[in-house]
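Written out below as structure tokens is the structure these notes cover.
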2 protein chains.
Amino acid sequence: MMRRADRLAELVEILRDGRLHTARDLAAVLEVSERTIYRDMDTLAASGVPVEGERGVGYMMREPVFLPPLALSLIELEALALGMAIVGEAADPELQVAAESLLGKVEGHAAVRRRSPRKWGFGVYAFETARAGFVHMPLIRRAIRDGLVLRIAYRSIAEEVTERDIRPLQTEYWGRVWTCSAWCELRAGFRSFRIDRIEKCAETGRGFAPELGKTIEDYLAMSSTDPSAREDKVGILLR
Amino acid sequence: MMRRADRLAELVEILRDGRLHTARDLAAVLEVSERTIYRDMDTLAASGVPVEGERGVGYMMREPVFLPPLALSLIELEALALGMAIVGEAADPELQVAAESLLGKVEGHAAVRRRSPRKWGFGVYAFETARAGFVHMPLIRRAIRDGLVLRIAYRSIAEEVTERDIRPLQTEYWGRVWTCSAWCELRAGFRSFRIDRIEKCAETGRGFAPELGKTIEDYLAMSSTDPSAREDKVGILLR
DNA sequence: CATACAACTGACATATTTCGTCAGTTGAGT
DNA sequence: ACTCAACTGACGAAATATGTCAGTTGTATG
């Protein structure tokens with residue numbers, strides 16, 4: 001029972017690697033006929049999975065997707081709604097849109113009962129400073145994902161502007177501002193940059209691979225050795 | 001195609017009302033035999049949906065669940081992960097657990113490719129003040145959901161402690177502290193309480209229904225007429 | 001205690017869906 | 001022209017789902 005549904009899920013799981021797959025290969029892996037694969041592709045496409053096939057080439061997925069589990073509890077739903085509300089308020093437009101769309105899908109699917117006009121018993125109010133520098137965040141996120149070296153113009157607390165190449169490792173949210181931790185090629189060390197103080201930000205065209213002593217793990221290991229560092233940082237970041 | 005799957009989804013949709021349903025009624029609505037309903041219930045239970053049947057009584061769902069849509073994009077996944085990270089850091093344990101469990105389900109299901117040890121390129125660091133008063137939040141959330149009057153002991157900024165009955169309407173997250181907006185029966189007006197300053201909090205046993213002039217809509221309509229109110233509030237809340 | 005109710009279970013025949021096979025067509029690149 | 005691989009339609013075989021029937025087993029109620 002349900003073997004078909006399982007196969008569809010596994011198909012998506014395979015296609016998530018973003019690479020090319022022929023129906024023949026998929027049929028071999030899943031131990032069904034090619035015909036079945038073609039039918040499954042129809043089903044997936046009809047369900048909104050962005051899979052595309054090209055004659056003579058194979059199948060690929062436009063963008064990675066994932067299939068969530070099938071049951072969330074009320075409290076998980078509430079956590080989701082709160083999280084999306086915060087993201088919608090405190091993150092850059094790219095993530096805002098995603099958060100809205102995600103919550104929309106969820107609410108749209110849970111369409112039946114509607115207890116009150118205001119469904120979720122909370123509001124989220126972020127600070128203006130969190131919004132400054134949002135323009136750079138999509139690029140920074142992509143740089144973290146794909147390992148791109150960025151060139152930024154940064155205005156320090158002392159109002160001095162420096163231009164430098166950085167290898168972004170992680171962004172941090174402090175409830176009021178966003179920062180980006182990176183390996184700074186100018187200073188040859190780890191630095192954290194308040195994203196609202198980044199004046200320019202562009203790709204250099206160079207990429208970077210994880211390098212001993214320059215990875216996010218190294219950075220986190222370093223910071224965690226000094227227990228006072230975190231509190232200090234908060235103080236500095238938010239004054 | 002997929003008629004069975006659709007029926008299962010509709011079954012959950014019906015059971016979401018949290019009330020009692022007999023197999024006979026469900027069979028009538030879905031236009032299948034009772035036997036099929038029993039088989040479907042097996043399937044749902046096997047899929048982790050918390051549905052329980054009691055002989056001689058009927059079927060009920062322990063806690064409301066919902067079935068998410070089947071495809072999320074990468075950026076939506078990232079928004080979800082960020083949201084859950086923030087909730088996990090800045091909300092009370094009940095929501096923390098839910099956020100963790102939700103993200104766990106999602107990641108567990110998307111188990112295959114794992115580009116790097118650190119999957120999400122961000123960290124979230126909340127303030128200690130956000131954590132104070134967390135003990136009361138589950139009760140407050142329930143009171144908002146179910147319309148319960150609460151009796152609280154509140155220590156004002158001036159350090160005066162008052163005891164009062166309130167009708168909680170909404171909680172707000174300000175990036176650093178949580179507040180609860182409520183109709184205050186003592187002052188006969190809307191008040192916002194910093195949750196970390198609530199010393200005691202208990203049910204009164206009384207409930208309340210939406211009442212003209214005392215609803216969350218009235219409150220929001222009122223606050224929005226004064227554009228400066230919000231900024232003031234932030235200043236006060238966060239000093 | 002008897003009765004009603006409704007969840008459950010097993011068996012078996014029937015209906016429906018799903019799958020494999022085969023025999024094509026189409027479109028793109030070489 | 002040729003290859004590759006996505007696509008399509010048809011049809012029978014296999015697997016699955018469903019209805020019917022005939023029970024059993026807890027729970028609640030008079």
When rounded to whole Å, the CG to P distance for the pair B:Asp6 and C:dT17 reads 12 Å
Ranking D:dA6, C:dA11, C:dC19 by distance to the side chain of A:Arg4, first place goes to C:dC19
For this session: May I have the step-by-step check of salt bridge (Lys or Arg N to Asp or Glu O under 4.0 Å) for A:Arg151 and A:Glu185, ending in yes or no?
Result: CA-CA 10 Å; A:Arg151 175 158 302 160; A:Glu185 299 192 335; over 6 Å; no
To the nearest angstrom, the CG-P distance between A:Asp25 and D:dC4 comes to 14 Å
Between CG of A:Leu8 and C1' of C:dC19 the distance, given in whole Å, is 13 Å
In whole angstroms, the gap separating C1' of D:dA6 from CG of A:Leu26 amounts to 12 Å
Between CZ of A:Arg24 and P of D:dC7 the distance, given in whole Å, is 15 Å
B:Glu34 atom CD is separated from C:dC8 atom P, nearest whole Å, by 12 Å
Result for 5'-nearest mapping on DNA chain C, choosing between B:Tyr59 and A:Ile37, is B:Tyr59
Students often get this wrong, so: under 4.0 angstrom with heavy atoms, is A:Glu54 touching a base, only sugar-phosphate, or nothing?
sugar-phosphate
note: A:Leu30, atom CG; C:dG20, atom P; distance rounded to Å ~ 10 Å
Handout entry: side-chain contact (heavy atoms from CB on, under 4.5 Å) between A:Ile166 and A:Phe193, intermediate numbers included
Key = CA-CA 10 Å; A:Ile166 63 170; A:Phe193 304 97; 3.8 Å; yes
When rounded to the nearest 0.5 Å, the distance separating CG of B:Asp196 from CE of B:Met137 is 10.5 Å
Winner on side-chain proximity to A:Thr22, out of D:dA5, D:dG19, D:dA10, is D:dA5
Taking D:dT8, C:dG20, D:dT18 as options, the one with an atom nearest any side-chain atom of B:Asp40 is D:dT18
To the nearest angstrom, the CG-C1' distance between A:Leu44 and D:dA6 comes to 15 Å
Readout for nucleotides 21-26 of chain D: B = base within 4.0 Å of protein heavy atom, S = sugar-phosphate only, - = neither; 5' to 3' it is ----BB
inquiry  = B:Ser181 vs B:Ser192, test: side-chain hydrogen bond (donor to acceptor under 3.5 Å, both in side chains). Steps then yes/no.
reply    = CA-CA 4 Å; B:Ser181 291; B:Ser192 277; 2.9 Å; yes
**Asked** OP1 or OP2 of D:dC7 less than 4.0 angstrom from a side-chain nitrogen or oxygen of A:Tyr38, does that happen here?
**Response** no
message = I'd like to know whether CD of B:Glu34 has more than 12 heavy-atom contacts from other residues, nucleotides or ligands below 6.0 angstrom.
response = yes
Taking C-beta and beyond as the side chain, do A:Asp6 and A:Glu10 meet within less than 4.5 Å on heavy atoms? no
Notebook entry, point to check: Think A:Thr36 has a side-chain N or O under 4.0 angstrom from the OP1 or OP2 of C:dC19?
Noted result: no
**Study point:** Side-chain heavy-atom pair A:Met60, A:His21 within 4.5 angstrom cut-off
**Key:** no
Return no unless some side-chain N or O of B:Arg7 is found under 4.0 Å from OP1 or OP2 of D:dA17.
no
